[in-house]
Every structure is written in structure tokens, then in C-alpha cells.
Amino acid sequence: ERLDKAEVSGPRVADAVTIDPVALRAALINILENAVDACFEDRSGREPVIIFEVGCIENDEIEIKIEDNGVGMDADTRDNLFNLFYSSKGEKGTGLGLHITKTTVEQHGGRLLVTSEPGQGACFVIRLPRRARHEAAEESSETETSTRWRCTVCDYVHEGDDPPEECPVCGVDASLF
């Protein structure tokens, strides 16, 4: 079995979010892998669907939403989901992934929320504080003469007052710097 298509939606985000791209990427991959597992555990015959959305919300936060139509979770699983060594996957799970994911989000000043019901899939929402690029640059060392821009996709670092129009390594546009 495989997931035949993926859909990513959301507006371009003009402001930067100060993140550790390696840690946040690992957190997102963990949630996405769990969504894929949940979809393929579902034996209802429904086509697997995973939706990944990124947007800005009213209280100046970036919201990342990952929603699936997999098997869903009961109240006990939801209550223990982020506990260290808790796994609903039996031998397949270590109980580390979502605990580390939640810790990573919180270390970024964010929150990780989940809603789910058995048979109804799950929705994970990450909310991270948003800061304008110039605010992030002002906090950097006063001895630096240029600003460092890091691509959130491939970790390429560009030094200069402005980000490049696109990443020379992976080709994404400047909104992802």
C-alpha cells in the first residue's frame, strides 16, 4: 500500500519564525509518519488522506496542521500520547517520537495540540510564535556586519542584508528563509 498523492497548502509567510530547522523537521516528520501509519492501519476501505497546512493565525502565531483520516485515538491514548515511552503501536513503537516532538515544539516557545476520535482520524496542530525578520536580525550579535539567513528546507546559510530570491541549493523561494 502507498499514499498516491500529497497536498500542501497555505499562504506564503512573509515573516520569519526563529527555529532549529533540524529539530523542527524531525518533529514534523514524526507526526507525518504517524499519520501514514494510522491511515494504513485503517481497514475501512477509505482512501488514505493526509492534509498538511501552514498559515498565520490572529494572535501572531504560525500554525502548522497535520490531519489524517486514519484509525484515530481513544481518550486513553490521547491522554498518554506525549508521555515518555508510551506507544500505541506495540512492538513497532518506542514511545519516544511524540514525547520528543512535543518537547521540541515547547522549546521553540510553541504548543502542540491534538484532537482525535476512534475511526475519525487525528489532527495535530503546532502553534509557534512568529517574529519579523528584522527582529530576529536585531537579536544577533552586534559585532556581525551581515545577517545570516538559513533555508528551512535544506539548512543552506546565506550571509547578507537580504535573503536570496531563492535557495541556490534546493531552489525554494525566499519565503522559506
Side-chain angles (χ1 to χ4, degrees), residues 1-15 17 19-130 151-155 167 170-173 175-176:
E1 293 182 71
R2 63 185 206 141
L3 190 61
D4 289 323
K5 57 186 171 186
E7 183 176 319
V8 178
S9 65
R12 299 266 182 229
V13 179
D15 291 335
V17 178
I19 62 167
D20 174 347
V22 174
L24 195 58
R25 181 183 304 126
L28 292 172
I29 288 170
N30 181 264
I31 295 171
L32 286 164
E33 286 178 342
N34 286 342
V36 169
D37 290 347
C39 284
F40 289 122
E41 286 176 24
D42 181 31
R43 300 293 175 221
S44 69
R46 293 179 294 190
E47 179 180 353
V49 175
I50 298 171
I51 300 169
F52 182 91
E53 296 177 322
V54 179
C56 302
I57 56 175
E58 292 177 10
N59 58 347
D60 207 31
E61 290 180 312
I62 302 297
E63 181 176 86
I64 303 168
K65 185 185 297 185
I66 300 170
E67 189 171 1
D68 68 67
N69 70 341
V71 294
M73 294 175 267
D74 60 26
D76 184 58
T77 300
R78 283 191 318 272
D79 292 344
N80 291 292
L81 196 57
F82 302 115
N83 292 343
L84 186 59
F85 302 123
Y86 177 83
S87 176
S88 63
K89 295 181 180 183
E91 295 289 319
K92 289 175 40 181
T94 62
L96 296 174
L98 286 173
H99 174 77
I100 293 169
T101 295
K102 184 172 192 265
T103 300
T104 298
V105 170
E106 290 172 347
Q107 287 173 341
H108 283 81
R111 295 171 289 149
L112 178 57
L113 312 166
V114 63
T115 56
S116 181
E117 293 295 329
Q120 302 299 312
C123 181
F124 284 80
V125 176
I126 296 172
R127 292 197 177 140
L128 298 170
R130 183 176 69 164
C151 177
T152 59
V153 175
C154 72
D155 292 333
C167 178
C170 68
V172 299
D173 65 70
S175 68
L176 293 174

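- Arg46 places no side-chain N or O within 3.5 Å of a backbone atom of Arg43 that could act as its donor or acceptor partner.
- Evaluation of the salt bridge (charged side-chain N to carboxylate O under 4.0 Å, His left out) test over residues 94-116, restricted to residues two or more places apart or in two chains, returns Glu61-Arg111, Lys102-Glu106.
- Taking each heavy atom of Phe52 and Leu32 in turn, the nearest pair found is CD1-CD2, 4.2 Å.
- Remark: side-chain polar atoms of His108 are paired, donor with acceptor, to backbone N or O of Asp20 under 3.5 angstrom.
- Between Asn80 atom CG and Met73 atom CE the span is 11.5 Å, to the nearest 0.5 Å.
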Please step through side chain to side chain contact (heavy atoms under 4.5 Å, CB included) for the pair Leu112 and Ile31, ending with a clear verdict. CA-CA 11 Å; Leu112 178 57; Ile31 295 171; 4.2 Å; yes
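- With contacts defined as side-chain heavy-atom distances shorter than 4.5 Å, the pair Leu81/Phe124 qualifies.
- Side-chain atoms of Cys39 and Val49, non-hydrogen and from C-beta on, never get closer than 4.5 Å to each other.
- Side-chain contact check for Cys56 versus Ile62: some heavy-atom pair is nearer than 4.5 Å.
- Here the closest heavy-atom approach between residue His99 and residue Leu84 is recorded as CD2-CD1, 3.5 Å.
- Atom CD of Gln120 sits about 11.0 Å away from atom OG1 of Thr115, to the nearest 0.5 Å.
- The closest side-chain heavy-atom distance from Leu96 to Phe85 is below 4.5 Å.
- Rounded to the nearest 0.5 angstrom, Asp74 CG and Glu117 CD are separated by 9.0 Å.
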Evaluate the criterion side chain to side chain contact (heavy atoms under 4.5 Å, CB included) for residue pair Ile100 and Asn30; output intermediate values, then yes/no. CA-CA 9 Å; Ile100 293 169; Asn30 181 264; over 6 Å; no
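- Residues Ile51 and Lys65 fail the side-chain proximity criterion, which asks for heavy atoms closer than 4.5 Å.
- Counting all heavy atoms, side chain and backbone alike, Leu128 lies closest to Gly110 at CD2-CA, 4.1 Å.
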Verdict with supporting geometry, Leu98 and Val114, side chain to side chain contact (heavy atoms under 4.5 Å, CB included): CA-CA 11 Å; Leu98 286 173; Val114 63; over 6 Å; no
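- In this structure the side chain of Asp68 never reaches within 4.5 angstrom of the side chain of Asn34, judged on heavy atoms.
- Residues forming a side-chain contact (heavy atoms from CB on, under 4.5 Å) with Ser87 (at least two apart in sequence, or on another chain): Lys89.
- Judged by distance alone, with hydrogens and angles left aside, the side-chain atoms of Arg78 form a donor-acceptor pair with the main-chain N or O of Ser116 at under 3.5 Å.
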